[in-house]
Structures are given as C-alpha cells and as structure tokens.
**Student:** 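This structure is in structure tokens; I'll ask about it shortly.
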2 protein chains.
Amino acid sequence: MSRNNAGLSAGRIITEALKIIDGRGLSGLTMRRLGDALQVEAMAIYHHFPLGKDQLYAAIVEHITDTTRPVDGDAPAAGAAEEEAAPRDEEPGDDRPWQERLRSWAEEYRARLLRHSGALPLIVHRKPDSASALRSLEAHYAAFEEAGLDRDAIARAAAALDAYVTGAVIHQVRAEGRPGPAPASLDARHPHLAELGDPAPDYDAWFLDGLEALLAGLRLRFG
Amino acid sequence: MSRNNAGLSAGRIITEALKIIDGRGLSGLTMRRLGDALQVEAMAIYHHFPLGKDQLYAAIVEHITDTTRPVDGDAPAAGAAEEEAAPRDEEPGDDRPWQERLRSWAEEYRARLLRHSGALPLIVHRKPDSASALRSLEAHYAAFEEAGLDRDAIARAAAALDAYVTGAVIHQVRAEGRPGPAPASLDARHPHLAELGDPAPDYDAWFLDGLEALLAGLRLRFG
DNA sequence: GCCATCGCCTTTACAAAGTAAGTTTAAGAT
DNA sequence: ATCTTAAACTTACTTTGTAAAGGCGATGGC
C-alpha cells in the first residue's frame, strides 16, 4: 500500500478539501495541497474527479447543502457500517406541524452553511438540481401547502424562505469578514449607527427572529 | 501617447473588469485579459491597484453595491462634467414614507446585484464597511425607527431586510445557473414539484411579493 | 533652454496553479 | 502464467499573479 492504492475515495477527498477550505480559505484549496493532506500525489485526485476541480467543487457544494446526510464532524464510532446510518432527521414521515418543520430545516441548513462559510462562493452559481435539493424543495412545498397557501403562493413562499436563510448567512459572514481597505468611521452623519454601537450582535437570535417575522408575513399575505 | 500615459484610471479599469466578468465569468477576469481590453500591459493595472487583484476585487464590489453612484450603463452624454452628477436618487432629504424608501432601495440594490451576478462570489466575504455601505445602513435604521421599532428591533429588521434581498438574488442566480453533473429527475417522489411545473417563474414579482411579506412580518412582530 | 524628478506604463522574469499524457504497480480473472 | 484493469505516480506544458527594474514623457526650478 506504500506506493499506489492509498485508500483514496471521493468521500475522503471531499472531507479533506473542506478541512482545507475551513482552515485556509477557498483560495487555499489547491490540488497539490489537497494531495499532500491525503498523502497522495495531486494527480491521483483526478481519478476520482475526472472532470477536474470544478467537479470537486460541485461535490463539495452538494456535501454541504445536503441536509439529508449527517454533518461532517461525525466520524461514526469506529467499526460501524457507515453507509446506512440511522434514518435521518425529519425524513420518513415527519408529522410535526409545518412551521416547526420549516424552522428545523432552516436552522440546520444555516448551520451547515455557517460551518463551511469559506465555501459559500461556490454555491452562488450552482443550480440546486440534485436529488437532495429537490427533496428539500418538495418538503417545503408540502409544508406550505399544509399551511393553506395556494399554488402560486407556495412557490413564492418557498423561494422567499430559501432566500432569507441563505441571505442571513451571507449577511453574517460579510459582517464578520475582514475589514476593507478604507473602513469608514462612524461620525456624526450616522446618528443611529453611532447610538446603537456594536454590542456583539447575537446572530442566532436575530436569525430566528427574522425567520418568525418572515413566516408570519408569508402566512398573513398569502394565507 | 503611444507608449506611456495610456489614459488609464481606476474607474476605467473597474468598468472594463465588470464587462469581462459579465461576459466571461469571474474566472475569465485575468490581469492580462483586462490589460488587453484596456489596450495596456497587464502590469500597468498595478499602478492603480498596488495591492493587486484583491484590491481590484474590493473596488468592484464597492462599485456594484454603492447605490449612491449611478448604474454603469450610463456613459454621460459626452463632454459633461462627470464628477458632480445630478443629486442622486433619494439622498438629500427623502421625505417619502419609510416603506417606500426601503422598497426603493431593495429594488435598486437587487437590480445592481443581478446586473453583475458573476461578481456575487466576491461579495460574500467582504465586510460592508465602506462609507456608502454605512450610509445605506444608516438610512435603513432611520426608516425602521420611523416605523416605530425600538432599538433592538431596528438592527434585527435591517439585517433581515439585507439578508432577504441578497438571498433572493442568489436564489434566482442559482436557479438559472448551469445544471449540475447529475440533475435529478422529477419523478413521483416529488408530487408538488411535478404538479406545479416550471412556467418560467417571474422572479421580479416573486421578489416584490416576498419583500412585502417580510416587511409586513417585521412590523407585525417588532412594531 | 536644461536638467532633475516624478507619474505612468513596459519589459522581463519567476513561482504556483490546473491538468493532459504516459507510466508504474498491485490485484484479479482467465 | 498472462491479460486486464483500477489506482496512483511522473513528467511536462500552459496560464496566472506579480515582483523588480527600466523607459519615456511631462513638469517645474534654475
């Protein structure tokens, strides 16, 4: 096993790639570095992702956004069969009320994006047409139908929900990002900003608050 | 003028860079190509952006997100003094009702992001701490204060609004993005999706609907 | 008028990145 | 034993960002 057959697999590659992205940023993910982390020559990766780095990117996005799979800090407790884990979260026949289902999805999806915020730029231009993405969307449609929305409203509501969650993550990531080259000062021209100050915003609470407001607004407007 | 002094400027560079991004995608923007478009050697750009490509990226983001400046399809009608244009949009003392001001901002901001959607990945990790960004935020705070929200609610509401607008753009861009490697089919496991079909969603209308719902929800929850 | 200086652009050069092409090795199948 | 094939290695080429230094024209002081 010293030379070839180093036990590489798509899963291991994706996991290691995410570690690199989390630690050194998206631009820190290079094929050679990824190879080093996997104790393998860079070109070996192309055997598992023949279409190149873009295919790897796509797989990373799918890995992050697939709320069906368990989160990745979850090395199964050694020896367990890995492929058929316990029935995932709210999947089989989730009979909780629709609001709770949507809230639950929103929180998990947000957590996943935040956990790997370095990979967010990859998500922007990728079509969510994987099986898991469609399954999520279907679940949202079902929830909003149960809420009493009609055909047209369902699609709008689901779009608004997805927009809010993704946007909230980006809002937070931007706010926590590194300062620009010329950060403007809070002079007298920004009375409200200066007044409120910045007592370390509680983004978790903000997110939930905004989510409730959105759901309430959607029901009120479309219900 | 053949050799040096080719009439380069930060503004021209940014404009041309955006054209390239719009036409060939973010990865299509290379220093050499940008130089070619500007009829200049690539290294000349570094005279105006000494910190390199990242500084150019920051300038592009600022250019796109600064709702103070006019949009860029706006070559002034030849000969006009360019630096002090007509007082911009809702700036001086906008006395319209707060909802209208926020709606107006949301529509313009969204239009700007959509116009240069290729640059969206650049926005994700940049802190909105420029003068124009703070001015926008200040305006939103003032609007929500006028709406009767208290201190804490104002910040939450402004964050939710920004999240929704950014997220809605990304939602649309993702949906219109190129298909993934293995687009899942809409089989019987997605009854709602199959039923509704895809009659070319009217994202403009969806956006406004969701925006109204969010504003209503915010007022209802925080007012 | 002359020369120094400075702003703006070019030239040259290099290291790092993605990846195409071909080769090697180990393990099964016939 | 020989053939096949999957998996990883080796080599090499192209493109990219950018460091370093040089050239050229305008400008201001004498």
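To find a chain, count down the sequence lines: A is the first, B the second, and so on, and within it residues start at 1. Keep in mind that this is a model prediction, so the values were computed, not measured.
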**Student:** Quantify the bending of the helix from C:dG1-D:dC30 to C:dT30-D:dA1 as the angle between its end axes, each fitted on five pairs, to 10°.
**Tutor:**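 Between the first-five-pair axis and the last-five-pair axis there is 10°.
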
**Student:** Could you check whether any side-chain heavy atom of B:I123 comes within less than 4.5 Å of a side-chain heavy atom of B:L120, counting everything from C-beta outward?
**Tutor:**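 A side-chain contact exists here, since the closest heavy-atom pair is under 4.5 Å.
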
**Student:** Over all heavy atoms of both residues, which pair between A:I21 and A:G118 is shortest? Give the atoms and the distance, please.
**Tutor:**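 Where A:I21 meets A:G118 most closely, the heavy atoms are CG2-C, 3.7 Å.
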
**Student:** Over how many whole Å does the gap from A:E41 atom CD to D:dA12 atom P extend?
**Tutor:**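 Result: 15 Å.
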
**Student:** Rounded to the Å, how far apart are A:L34 CG and C:dA17 P?
**Tutor:**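 Value for this atom pair: 12 Å.
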
**Student:** Between A:E108 and A:T67, do the side chains contain an N or O donor and an N or O acceptor separated by less than 3.5 Å?
**Tutor:**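 Note: A:E108 and A:T67 side chains miss the donor-acceptor criterion.
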
**Student:** Please check: side-chain N/O of B:Y164 versus main-chain N/O of B:F207, any donor-acceptor pairing under 3.5 Å?
**Tutor:**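 Indeed, once roles are kept as given, a pair shorter than 3.5 Å links the two residues.
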
**Student:** Would you kindly give the CE-to-C1' distance between A:M43 and D:dA6, to the nearest whole Å?
**Tutor:**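 It is 16 Å, rounded to the nearest whole Å.
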
**Student:** Determine yes or no for a side-chain-to-main-chain donor-acceptor pair under 3.5 angstrom, with B:H171 supplying the side chain and A:G167 the backbone.
**Tutor:**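 No, the answer is negative, given that no donor and acceptor are paired below the 3.5 Å cut-off.
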
**Student:** Are the side chain of A:H192 and the backbone of B:L137 linked by a donor-acceptor contact shorter than 3.5 Å?
**Tutor:**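 Pair absent, no side-chain N/O of A:H192 close to backbone of B:L137.
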
**Student:** Salt bridge check, A:R110 against A:D204: does any charged N sit closer than 4.0 Å to a carboxylate O?
**Tutor:**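 Salt bridge flag = yes for A:R110 with A:D204.
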
**Student:** Using a 3.5 Å distance criterion without hydrogens, assess whether the side chain of A:R174 forms a donor-acceptor pair with backbone atoms of B:R126.
**Tutor:**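 Flag set: sc A:R174 to bb B:R126 pair under 3.5 Å.
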
**Student:** Measure CD/B:Q55 against P/D:dG17 and give the value in whole Å, please.
**Tutor:**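 Rounded to the whole Å, the gap is 15 Å.
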
**Student:** For the side chain of A:R112 and the backbone of A:T65, is there at least one donor-acceptor N/O pair under 3.5 Å apart?
**Tutor:**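 Such a contact is absent between A:R112 side chain and A:T65 backbone.
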
**Student:** Between C1' on D:dT14 and CZ on B:R33, what's the gap in Å once rounded to a whole number?
**Tutor:**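 So the CZ-C1' distance, B:R33 to D:dT14, works out to 14 Å.
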
**Student:** Check this for me: does any side-chain nitrogen of one of A:R101 and A:D94 sit under 4.0 Å from a carboxylate oxygen of the other?
**Tutor:**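 Salt bridge between A:R101 and A:D94, a charged N being under 4.0 Å from a carboxylate O: no.
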
**Student:** In residues 45-54 of chain B, which residues come under 4.0 Å of DNA chain D by heavy atom?
**Tutor:**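 Those residues are B:Y46, B:G52, B:K53.
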
**Student:** Within the side chain of A:E16, is there an N or O that forms a donor-acceptor pair under 3.5 Å with the backbone of A:L34?
**Tutor:**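 No; judged by distance alone, with no hydrogens or angles, the pair does not exist.
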
**Student:** Looking at C:dT10, D:dT18, C:dG18, which one has an atom nearest to any side-chain atom of B:R32?
**Tutor:**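 Ranking C:dT10, D:dT18, C:dG18 by closest atom to the B:R32 side chain puts D:dT18 first.
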
**Student:** Scan residues 19-31 of chain A against DNA chain C and write down, sorted by residue number, each residue with any heavy atom closer than 4.0 Å; if none is found, say none.
**Tutor:**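 Residues of residues 19-31 of chain A under 4.0 Å from DNA chain C: A:L29, A:T30, A:M31.
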
